[in-house]
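Step one of this worksheet: look at the structure below.
All values below come from the heavy atoms of this structure, side chains included, with hydrogens, waters and symmetry mates left out. Within every chain, numbering begins at 1; the chains are lettered A, B, ... in the order of the sequence lines, protein sequences first and strands thereafter. No experiment lies behind these values; they were computed from the predicted model shown.
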Amino acid sequence: MDGITLNLFALQLFTGLALGSVFVLLAVGLSLIFGLLTVVNFAHGAFYMVGAYVGVFVLGLTGNFWFTLAAVPVVVGSMGVVVERYLVRPLYGRGIDYPLLLTFGLGMALVEVVRIVYGLEGVPFDTPKELRGAVDLGFGFFPLYRLFLIGITTVLVMVLWLFIEKTSYGLVIRAGARDPEIVRVLGIDISKVWLIVFAIGTGVAGLAGVLSAPMRSVIPDMGSTVLVEAFVVTVVGGMGSLVGAVVAGLLVGVVVSMTSLFWPSLTDLSMFALMAAVLLVRPQGLFGKKGLMG
Amino acid sequence: MSEDTKNKTVSKGVSRRSLLKGVAAGGALAATGPFLFNIAQAAETSIKIGFPVPLTGPYGSEAKEQAACAQMAVDEFNAAGGLNGRMAKLLVRDDKLKSGEAATRTLELIEKDGADFIAGSLSASVQLAVNSVAKERGKIYVSISQSDAINEAKHFSKYTFHEAMNPHMTAGAVGRYVFPKKGKRVAFLIADYAYGHEMARGFKAAGEAFGIEVVAEVQHPLATKDFSTFLPRIQAARPDVLCLCNFGYDQMNSLKQSTNFGMKEQMQMVAPALLYNQRRAGGAEAYDGVIGGTNFYWGLEDTIASAKTFTDSYRKANNGKPPSDYGAYGYSGVGGLLKAVTAAGTTETDAVITAMENLKYDMYKGEQYYRKCDHQSVQSVYIIESKSEAKMANEYDVFDLVGVDKANEGVLRSCSDLGFG
């Protein structure tokens with residue numbers, strides 16, 4: 001491989017880390033819902049897509065990107081509330097495949113609804129003016145918007161981590177994940193807790209959707225590849241581990257980036273090869289607890 | 001002026017038809033058996049054009065436009081009296097963008113529905129499947145989507161006509177416009193499949209005359225979502241021109257993301273097939289300043305009479321919306337075929353083939369004709385540049401016409417290169 005300078009290598013590595021933070025953003029909502037509710041949310045990609053379309057709609061009304069960014073997780077999270085309350089809740093205690101099939105069907109239905117309303121070919125979503133352009137990092141130019149994504153992902157993960165690990169409400173959530181019956185005996189309304197977790201998970205998926213809109217096309221199918229990427233990250237990191245999702249997201253990003261520099265034709269394959277390798281050595285993923293699926 | 005006369009013919013045709021219908025109904029009441037038999041026979045001998053296109057799938061909206069434009073051509077033919085009273089009929093089928101599906105639909109169209117001709121398809125590989133069925137059954141097939149392979153001797157038959165431009169001529173035209181103006185250091189981002197490589201080959205062939213230097217050549221898998229990891233290598237090569245040899249959402253995403261990387265300030269972005277609908281879905285910012293090639297842009301109506309006639313009648317039927325590039329192929333493909341039928345005075349296949357080979361037609365963009373050896377439609381390639389949002393007069397006003405590569409056989413791959421004689 002000729003022409004690979006130190007600068008190019010550094011930029012490629014940094015690109016990988018930035019891509020990794022996008023993967024973290026995509027995966028965190030899925031990981032959260034699985035880790036705390038043991039619900040494998042197959043509608044994750046659809047919520048992500050809905051987030052992008054809600055973003056298009058709100059941005060069209062207000063013209064304000066920042067307001068859109070705040071509104072989308074609220075709207076998609078509220079959808080999550082309805083879905084949890086009326087669709088997912090009746091299936092608790094029936095085994096992991098029931099909500100899996102339900103959300104799988106829900107995802108398909110959402111995609112079709114958007115297709116009917118907005119058509120097949122996608123809608124434009126420009127990068128907000130204040131986040132356009134590239135920044136000189138010393139070893140190469142890098143898009144300001146992607147730097148912004150790294151920042152927002154960091155903040156988001158920190159807030160979620162502090163909320164779950166350091167607040168008393170987070171304590172209830174964690175206790176509910178471990179032994180819901182005891183929590184109920186203690187007089188806590190556990191279904192309300194699950195409702196909130198599901199809402200946060202879908203809200204974050206929606207946020208990821210609207211944040212991806214300026215980079216990837218806003219089309220009804222946009223969620224299908226994201227679902228795959230999010231699952232790879234979640235599985236590599238260990239189902240349900242927030243720390244695992246972060247480490248795995250960055251790792252997948254760097255592996256994909258380096259593969260595309262040296263063996264571009266294997267780029268698509270690289271993340272699955274990584275997943276296979278990790279699962280061979282640690283079937284529960286890097287940071288996963290054993291037996292969560294049981 | 002021309003619009004008015006046209007409307008008159010259309011309305012005249014319609015009223016004549018409804019008049020005939022009324023007479024027929026009255027006649028059926030009065031007389032009986034033999035009259036009905038005549039009507040049945042007339043219906044049977046209508047000229048049937050089978051039209052398999054991917055109505056469902058990622059190019060569904062393009063396919064629907066193609067079908068609508070093809071129907072326009074059929075309506076105009078019928079309004080002008082058909083072929084001595086024989087009317088044409090378009091049979092649209094969904095090929096789902098799949099080769100197998102397209103082959104089955106084509107076979108049904110020929111065997112069951114009795115199609116006289118086949119036109120359509122919106123994919124390089126699907127059209128080869130349609131072509132192989134059509135040539136096996138000895139029916140004329142007019143392909144209306146881009147492909148280099150269909151020109152080659154191994155796929156060609158006397159029944160095969162390629163109305164769309166091919167990647168070689170499109171990329172070549174764009175290269176001839178861009179290389180002398182924007183520089184000789186050229187980088188390629190290539191979608192790793194036949195169409196991507198065909199476009200890159202077209203650029204390189206055109207670039208030879210200008211002495212271009214290929215400084216980077218990066219291939220990406222089809223349907224890539226995140227291009228960020230492919231871009232540093234291109235940036236590091238410091239090209240003057242970046243040729244995006246990809247299509248559809250790949251083109252849109254790679255443009256969006258390289259714009260974010262600030263690459264437009266460093267190099268000229270070029271996309272051989274710059275599509276109208278794709279540009280509208282991708283937004284002004286991502287496409288701003290990108291130069292590409294097209295078979296048609298509605299802005300041609302200012303300079304070309306046939307383009308004006310075509311866009312006017314399309315607008316009238318579609319709430320003022322102008323037609324798209326790929327939609328227009330449906331009109332020219334079917335319209336050209338029907339012109340040949342008129343010239344031949346029959347639907348007999350060999351006579352129509354001869355008529356098509358001798359046809360000079362101008363449906364919507366200036367004069368075209370089919371080259372003898374490979375039946376490739378020789379036509380002008382228009383060079384367009386995408387406008388910034390500030391310069392757009394309305395939502396349809398997305399491109400500037402900046403150049404034209406005039407219809408010329410010399411820019412095609414030579415007949416001997418394609419494996420003929």
Open item on the list: Looking at Y329(B) and M165(B), would you say the former's side chain and the latter's main chain have a donor-acceptor pair under 3.5 Å?
Closed with: yes
- [ ] Return yes if some donor-acceptor pair links the side-chain N/O of E389(B) with the main-chain N/O of G283(B) below 3.5 Å, else return no.
- [x] no
- [ ] Among M252(B), K225(B), Q266(B), single out the residue with the greatest number of heavy-atom pairs under 4.5 Å to chain A.
- [x] K225(B)
TODO: With chain A as the partner chain, list the residues of residues 185-197 of chain B whose heavy atoms fall under 4.5 Å from it, by residue number, and write 'none' if nothing qualifies.
DONE: D192(B)
Open item on the list: Please identify, among A134(A), S217(A), S265(A), S257(A), the residue contributing the most non-hydrogen atom pairs under 4.5 Å to chain B.
Closed with: S217(A)
Task: Short side-chain to backbone donor-acceptor contact, D94(B) and L55(B), under 3.5 Å - done: yes
- [ ] Name the option with the most non-hydrogen atom pairs under 4.5 Å to chain B; the candidates are G122(A), P220(A), G140(A).
- [x] G122(A)
Task: Salt-bridge contact R216(A)-E229(A) (side-chain N to carboxylate O under 4.0 Å) - done: yes
Task: Whether N318(B) side chain and G320(B) backbone form a donor-acceptor pair below 3.5 Å - done: no
Task: F104(A), CZ: over 12 other non-hydrogen atoms inside 6.0 angstrom - done: no
- [ ] Answer yes when K204(B) and E217(B) have at least one side-chain N-carboxylate O distance shorter than 4.0 Å, and no when they do not.
- [x] yes
Task: Segment of E62(B) engaging chain A (4.5 angstrom heavy-atom cut-off) - done: neither
- [ ] Please check if atom CD in E213(B) has more than 12 non-hydrogen atoms from other residues, nucleotides or ligands closer than 6.0 Å.
- [x] yes
- [ ] Kindly indicate whether the side chain of V126(B), heavy atoms from C-beta on, has any atom under 4.5 Å from the side chain of S99(B).
- [x] yes
Open item on the list: Could you go through S228(B) and D226(B), starting from their C-alpha distance and side-chain angles, then the distance that decides it, and tell me whether this counts as side-chain hydrogen bond (donor to acceptor under 3.5 Å, both in side chains)?
Closed with: CA-CA 6 Å; S228(B) 64; D226(B) 198 302; 2.6 Å; yes
Open item on the list: Determine whether a donor-acceptor pair (N or O, by modelled atom type, separation under 3.5 Å) exists between the side chain of S324(B) and the backbone of G327(B).
Closed with: yes
Task: Any donor-acceptor N/O pair, Y297(B) side chain to D400(B) backbone, under 3.5 Å - done: no
Open item on the list: Heavy-atom cut-off 4.5 Å, strictly under: side chain, backbone, both or neither for A213(A) against chain B?
Closed with: backbone
Open item on the list: Taking N295(B)'s backbone N and O only, do any of them form a donor-acceptor pair with D325(B)'s side chain (distance below 3.5 Å, no angle check)?
Closed with: no
TODO: Against chain A, work out which of K264(B), E265(B), Q219(B) has the most heavy-atom pairs shorter than 4.5 Å and name it.
DONE: Q219(B)
- [ ] Look at D126(A), T15(A), L144(A), L266(A) and state which one has the largest set of heavy-atom pairs under 4.5 Å with chain B.
- [x] D126(A)
- [ ] Considering only heavy atoms and a distance below 4.5 Å, find which of L11(A), T127(A), V123(A) pairs most often with chain B.
- [x] T127(A)
- [ ] Quick one: which of D221(A), I219(A), V218(A), T267(A) has the most heavy-atom pairs under 4.5 Å with chain B, could you say?
- [x] I219(A)
Open item on the list: Strictly less than 4.5 Å between heavy atoms, which residues of residues 267-282 of chain B line up against chain A? Please order them by number.
Closed with: R280(B), A281(B), G282(B)
Open item on the list: Using the side-chain contact (heavy atoms from CB on, under 4.5 Å) definition, which of the options V233(A), V228(A), V232(A), T259(A) pairs with M271(A)?
Closed with: V232(A)
